[in-house]
Undergrad: 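Following this message is one structure expressed as structure tokens.
So you know, we letter chains A, B, ... as the sequences are listed, proteins then strands, and number each from 1.
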Number of protein chains: 2
Amino acid sequence: MSLLNMPFKALSDPTRRKIIQMLKERDMTAGEIAEQFDMTKPSISHHLNILKHAELVIDERKGQNIYYSLNTTVFQELINWFFNITDKRGGSKSEEDRI
Amino acid sequence: MSLLNMPFKALSDPTRRKIIQMLKERDMTAGEIAEQFDMTKPSISHHLNILKHAELVIDERKGQNIYYSLNTTVFQELINWFFNITDKRGGSKSEEDRI
DNA sequence: TAGAGATTTAGATAATTGTTTAAATATCTA
DNA sequence: TAGATATTTAAACAATTATCTAAATCTCTA
């Protein structure tokens, strides 16, 4: 199973994609994130946990709050997956290989 | 709800991502695709239908066979979504806007 | 150290999704 | 036009996922 399976599953939910969009603008606490949704805090916490396991976000406690922020490295891998699909020629993994 | 919701959902399944990878190499019939999986033909047909509704693939009947091929336009939109996330500054939609 | 605030964990339930078998549709060819 | 091949549609079932309420954990401060 692909290493990218968890990120792809994580991004298949619109609530989680909206969280990603919000974190692109600024780091936010779990509570601030939850405020933006018509959903309970435990539900949002569950979505944050899925994003965390997919390594799309990082969490860091600061006092009573837990701040969430984007982890862009996996996004880069996802972009590479898409590039590999849209490039006509198949299979090349390195830039040099592209002639 | 995002226009990209169906493509994101479609790509969340590993069977469907594998189909996409196969179609990147060459157009294939439903039967040829099904051969590559340890799964019944109706299951594969169902996955192909989801990819079709997400506009990630196109189908075209040729005699008894139905050929599937990639439709790259939606992939381009997905790449744009990811670019927008990884770009530091928020919200820009056009290239000129990028300074 | 008790109480309050922020967040997560647990457990239950509802909704969605993936899979199967059986039947239907479409096309080709003898 | 009957039979064979390719594929999809339908209906049922199983598995996964999203949501909720209630309870637990962690941290700060009076």
Side-chain angles (χ1 to χ4, degrees), chain A residues 1-23 26-71 74, chain B residues 1-23 26-71 74:
Chain A
M1 172 75 64
S2 159
L3 278 186
L4 292 179
N5 194 47
M6 287 173 74
F8 270 116
K9 283 224 185 300
L11 292 172
S12 71
D13 182 273
T15 298
R16 292 192 290 263
R17 289 198 304 278
K18 188 176 167 194
I19 291 172
I20 293 293
Q21 302 266 18
M22 288 161 56
L23 294 180
R26 65 181 181 85
D27 297 355
M28 295 176 81
T29 68
E32 288 174 328
I33 293 167
E35 273 178 8
Q36 306 300 313
F37 293 90
D38 188 18
M39 198 179 288
T40 64
K41 283 174 195 216
S43 288
I44 294 299
S45 184
H46 168 247
H47 285 304
L48 288 170
N49 194 43
I50 287 170
L51 290 170
K52 193 165 96 177
H53 278 97
E55 298 184 78
L56 293 171
V57 305
I58 294 166
D59 65 337
E60 185 184 2
R61 181 179 277 277
K62 284 184 183 165
Q64 280 170 306
N65 298 304
I66 298 180
Y67 277 84
Y68 283 87
S69 58
L70 289 189
N71 176 19
V74 175
Chain B
M1 174 73 66
S2 160
L3 279 185
L4 292 179
N5 194 47
M6 286 174 73
F8 269 117
K9 283 223 185 300
L11 291 172
S12 71
D13 182 273
T15 298
R16 293 193 290 263
R17 288 199 304 278
K18 188 175 167 194
I19 291 172
I20 293 294
Q21 302 265 20
M22 288 162 57
L23 294 179
R26 65 180 181 85
D27 297 356
M28 295 176 82
T29 68
E32 288 173 329
I33 294 167
E35 274 177 7
Q36 306 301 314
F37 293 90
D38 186 18
M39 199 179 289
T40 64
K41 283 175 197 216
S43 285
I44 295 298
S45 184
H46 169 247
H47 286 303
L48 289 170
N49 194 242
I50 288 171
L51 290 170
K52 193 165 97 177
H53 277 98
E55 298 184 79
L56 293 172
V57 305
I58 294 166
D59 65 337
E60 184 184 3
R61 181 178 277 276
K62 284 183 181 165
Q64 279 170 306
N65 298 304
I66 298 180
Y67 277 85
Y68 282 87
S69 58
L70 289 188
N71 177 18
V74 176

Undergrad: Which distance, rounded to the nearest 0.5 Å, do you find between the CD1 of A/Ile33 and the CE of A/Met39?
TA: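 Interatomic distance, A/Ile33 CD1 to A/Met39 CE, rounded to 0.5 Å: 12.5 Å.
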Undergrad: Just how far, in rounded Å, is P of D/dT9 from NZ of B/Lys41?
TA: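 After rounding, the gap between these two atoms is 16 Å.
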Undergrad: Main chain of B/Val57, side chain of B/Lys52: is a donor-acceptor contact present, judged purely on distance under 3.5 Å?
TA: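 Judged by distance alone, no pair lies under 3.5 Å.
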Undergrad: For B/Glu55, is there any backbone N or O sitting under 3.5 Å from a side-chain donor or acceptor partner on B/Asn71?
TA: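 Confirmed, B/Asn71 side chain pairs with B/Glu55 backbone.
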Undergrad: Touch check for A/Tyr68, heavy atoms < 4.0 angstrom, all strands: base, sugar-phosphate only, or nothing?
TA: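 Sugar-phosphate, no base atom in range.
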Undergrad: What is the separation between atom CD on B/Gln64 and atom C1' on D/dT8, rounded to the nearest whole Å?
TA: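 After rounding, the gap between these two atoms is 14 Å.
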Undergrad: Does a side-chain N or O from B/Ser45 land closer than 4.0 Å to OP1 or OP2 of D/dT7, or not?
TA: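 For D/dT7, neither OP1 nor OP2 has a side-chain N or O of B/Ser45 closer than 4.0 Å.
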Undergrad: Identify whether any heavy atom of A/Thr29 sits under 4.0 Å from a base atom; if not, whether one sits that close to sugar-phosphate; answer base, sugar-phosphate or nothing.
TA: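 Sugar-phosphate: the residue A/Thr29, judged by heavy atoms under 4.0 Å, touches backbone atoms but no base.
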Undergrad: Of the listed nucleotides (D/dT5, D/dA18, D/dT7), which one gets closest to any side-chain atom of A/Asp13?
TA: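 Selected nucleotide (nearest to the side chain): D/dA18.
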Undergrad: Under a criterion of less than 4.0 angstrom to any heavy atom of chain A, what are the 5'-terminal and 3'-terminal contacting nucleotides of DNA chain C?
TA: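 That gives a stretch of C/dG5 to C/dT9.
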Undergrad: Identify, between A/Arg61 and A/Lys9, the residue whose nearest nucleotide on DNA chain D lies closer to the 5' end.
TA: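 The residue closer to the strand's 5' end, by nearest nucleotide, is A/Lys9.
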Undergrad: Can you tell me the distance, in whole Å, between the CG atom of A/Leu51 and the C1' atom of D/dA18?
TA: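 That distance rounds to 14 Å.
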Undergrad: So, does A/Arg16 use its side chain to make a donor-acceptor pair with the main chain of A/Lys18 at under 3.5 Å?
TA: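 A pair under 3.5 Å: no.
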Undergrad: Please state how far atom CD1 in B/Ile33 lies from atom P in D/dT7, giving the value in whole angstrom units.
TA: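 It works out to 9 Å between those atoms.
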Undergrad: How close do A/Asn5 and B/Ser12 get, counting heavy atoms only, and between which atoms?
TA: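 Closest approach of A/Asn5 to B/Ser12, heavy atoms only: OD1-O, 4.1 Å.
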Undergrad: Closest nucleotide of DNA chain D for A/Met39 versus for B/Ile66: which of these residues is on the 5' side?
TA: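 Comparing both residues, the 5'-ward one is B/Ile66.
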Undergrad: Nearest whole Å is fine: how far is D/dA4 C1' from B/Asn65 CG?
TA: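 Computing the B/Asn65:CG to D/dA4:C1' distance gives 14 Å.
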Undergrad: Send over the distance from B/Ile50 CD1 to D/dT8 C1', rounded to a whole Å.
TA: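 After rounding, the gap between these two atoms is 14 Å.
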Undergrad: When B/His53 is tested against each of B/Leu51, B/Asn49, B/Ile50 for side chain to side chain contact (heavy atoms under 4.5 Å, CB included), which residue passes?
TA: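 Among the candidates, only B/Asn49 passes.
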Undergrad: Using a 4.0 Å heavy-atom cut-off across all strands, classify A/His46 as base, sugar-phosphate, or nothing.
TA: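 Base contact - A/His46 has a heavy atom under 4.0 Å of at least one base atom.
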Undergrad: Output the distance between atom CD (A/Gln36) and atom OG1 (A/Thr15), rounded to the nearest 0.5 Å.
TA: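 Result: 12.5 Å between the selected atoms.
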Undergrad: In whole Å, I'd like the distance from the CD atom of B/Glu35 to the P atom of D/dT5.
TA: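 Whole-Å distance recorded here is 15 Å.
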Undergrad: Respond yes when some side-chain nitrogen or oxygen of A/Ser43 is under 4.0 Å from OP1 or OP2 of D/dA18, and no when none is.
TA: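 Negative; the distance criterion is not met.
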Undergrad: For A/Ala30 and for B/Thr15, locate the closest nucleotide of DNA chain C by heavy-atom distance; then report the residue assigned to the nucleotide nearer the 5' terminus.
TA: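 Final value for this comparison: A/Ala30.
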